[in-house]
Amino acid sequence: MGSKYRLLPHLAEVFAAVGGTTAADPFSGSGVVSYLLKCQGYEVTSSDYLNFPTVIARATTANSDVTLGDAEIDAVCGPAADDRDFIRTTFDGLYFTEDDRTFLDSAWSNIDRLPAGQRDLAISALVLSAARRQPRGVFTFTDATRYTDGRRDLKLSLREHFRERIAEYNAVVFDNGRTSQAVCGEVFDVAPGPYDLVYLDPPYAPPADDNDYIKRYHFLEGLSRYWQDATIMHDTKTKKLAKRFTPFAYKRTIEDALLRTFEHFADSGTIVLSYSSNAVPAADRIIELLGKVKSSVEVRAVDHRYSFGTHVTAARRSVQEYIFIGRDE
DNA sequence: GGGCAGTGGACTCGTGACTG
DNA sequence: CAGTCACGAGTCCACTGCCC
């Protein structure tokens with residue numbers, strides 16, 4: 001999550017050249033690209049098949065004017081509004097300290113009493129707090145004591161995290177003069193537009209494994225809805241949610257999924273896709289697939305090898321991040 | 001019973017920002 | 001500026017069930 005950050009300057013350049021007023025970001029993830037599009041003046045249709053990215057996009061991209069005031073922040077961080085203890089008890093011995101889990105229950109009891117717009121912002125800050133507080137940000141392991149290495153993010157309590165994260169989310173809220181929206185669902189369920197610009201950042205299919213986002217982020221997904229309508233697999237050690245199939249996670253189904261996505265947005269003006277060189281399919285195959293719906297396909301390779309690395313070996317390996325741009329000539 | 005695919009969960013190591 | 005340290009569209013392996 002958030003790994004598109006270093007690509008943002010390159011994407012900004014591409015988007016600026018496209019122009020237009022409407023844009024879609026159907027794999028919104030951390031939400032930074034949707035927010036970039038908003039900053040560049042677009043009316044953004046943002047979506048993701050997970051709930052927590054949708055909440056974040058609603059709070060940052062769709063939201064033009066709602067923030068949390070000091071009183072509301074104090075209320076979320078203050079005494080619990082009810083006696084719920086689902087998180088404290090369910091994840092006992094698995095994630096965070098007793099105090100941290102108690103805070104999550106207590107914060108949610110107060111968040112439940114906020115109006116919808118403020119809820120989204122508060123939940124976003126809570127989700128980001130939990131991600132930062134968990135070593136490596138993933139919930140595939142349960143013994144966090146192995147990672148007591150002194151970094152600041154692991155020292156802060158979740159309550160301290162929340163105060164910092166909510167201040168950050170408050171600070172990004174602004175009105176770009178247009179009405180953007182964020183919805184939760186598969187890419188194929190997103191309204192096909194047409195849009196002036198469609199940005200696609202699908203999961204990458206690794207050559208030797210699947211790509212299971214729920215396995216990594218089940219806790220954040222559950223937290224974003226207080227596990228309402230979410231079914232925990234209680235026989236799993238990590239108490240994770242059921243794996244949800246997506247054709248983008250497997251090398252066998254990724255090509256068909258990409259092609260169907262391109263066809264879904266075929267009537268939109270420009271399709272921009274980012275993809276890594278160490279995933280499948282390879283770049284030439286993606287050019288073929290995108291070429292089926294767009295007469296012109298340009299590829300920009302962003303080589304993010306280090307110019308400033310201090311190690312001698314730093315120049316040894318390079319991973320290319322590709323930006324494919326499909327247009328109608 | 002051997003080969004294969006899928007699953008669950010622990011865990012590597014190269015990178016590059018940070019620190020003093 | 002050199003070395004440390006935290007991070008990750010990640011990797012591996014044991015196990016299971018299914019097929020022949």
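Note: CD (A/Gln134) to C1' (C/dG8) measures 14 Å, nearest angstrom. If you take CG of A/Leu156 and P of C/dA6, they are 14 Å apart, rounded to a whole angstrom.
Every salt bridge (Lys or Arg N to Asp or Glu O under 4.0 Å) that A/Glu98 has, sequence neighbours left out, goes to A/Arg88, A/Arg101. In this structure A/Phe262 satisfies the ring pair (Phe, Tyr, Trp, His ring centres under 6.0 Å) test with no other residue, sequence neighbours excluded. A/Phe91 pairs by the ring pair (Phe, Tyr, Trp, His ring centres under 6.0 Å) definition with A/Tyr95, A/Phe219, A/Trp227, not counting sequence neighbours. In this view, A/Glu164 and A/Arg152 satisfy the side-chain hydrogen bond (donor to acceptor under 3.5 Å, both in side chains) rule, not counting sequence neighbours. Applying the salt bridge (Lys or Arg N to Asp or Glu O under 4.0 Å) rule to A/Glu263 yields no partners; only residues at least two apart in sequence or on another chain are considered.
Annotation: side-chain hydrogen bond (donor to acceptor under 3.5 Å, both in side chains) contacts involving residues 281-297 of chain A, sequence neighbours excluded, comprise A/Glu255-A/Arg285, A/Arg285-A/Glu288, A/Lys294-A/Asp328. For residues 48-60 of chain A, every residue pair satisfying the side-chain hydrogen bond (donor to acceptor under 3.5 Å, both in side chains) rule, not counting sequence neighbours, is listed here: A/Asn51-A/Ser224, A/Arg58-A/Asp120.
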Requested in this report: Any chance you could encode DNA chain B as dot-bracket? Rule is Watson-Crick or G-U wobble with both distances under 3.5 Å; [ ] for pairs crossing earlier ones, | for another strand.
Outcome: |||||||||||.||||||||

Check: protein-nucleotides 6-8 of chain B nitrogen or oxygen pairs below 3.5 Å:
from, atom 1, to, atom 2, distance (Å)
B/dT7, OP2, A/Lys243, NZ, 3.4
B/dG8, OP2, A/Lys240, NZ, 3.4

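For the pair A/Asp25 and A/Lys38, the salt-bridge criterion is not met [side-chain N within less than 4.0 Å of a carboxylate O].
Taking only side-chain nitrogens and oxygens, A/Thr238 comes nearer than 4.0 Å to OP1 or OP2 of B/dG9. At the phosphate of B/dG9, neither OP1 nor OP2 sits under 4.0 Å from any side-chain N or O atom of A/Arg216.
Rounded to a whole angstrom, the distance from the C1' atom of C/dG10 to that of C/dA6 is 16 Å.
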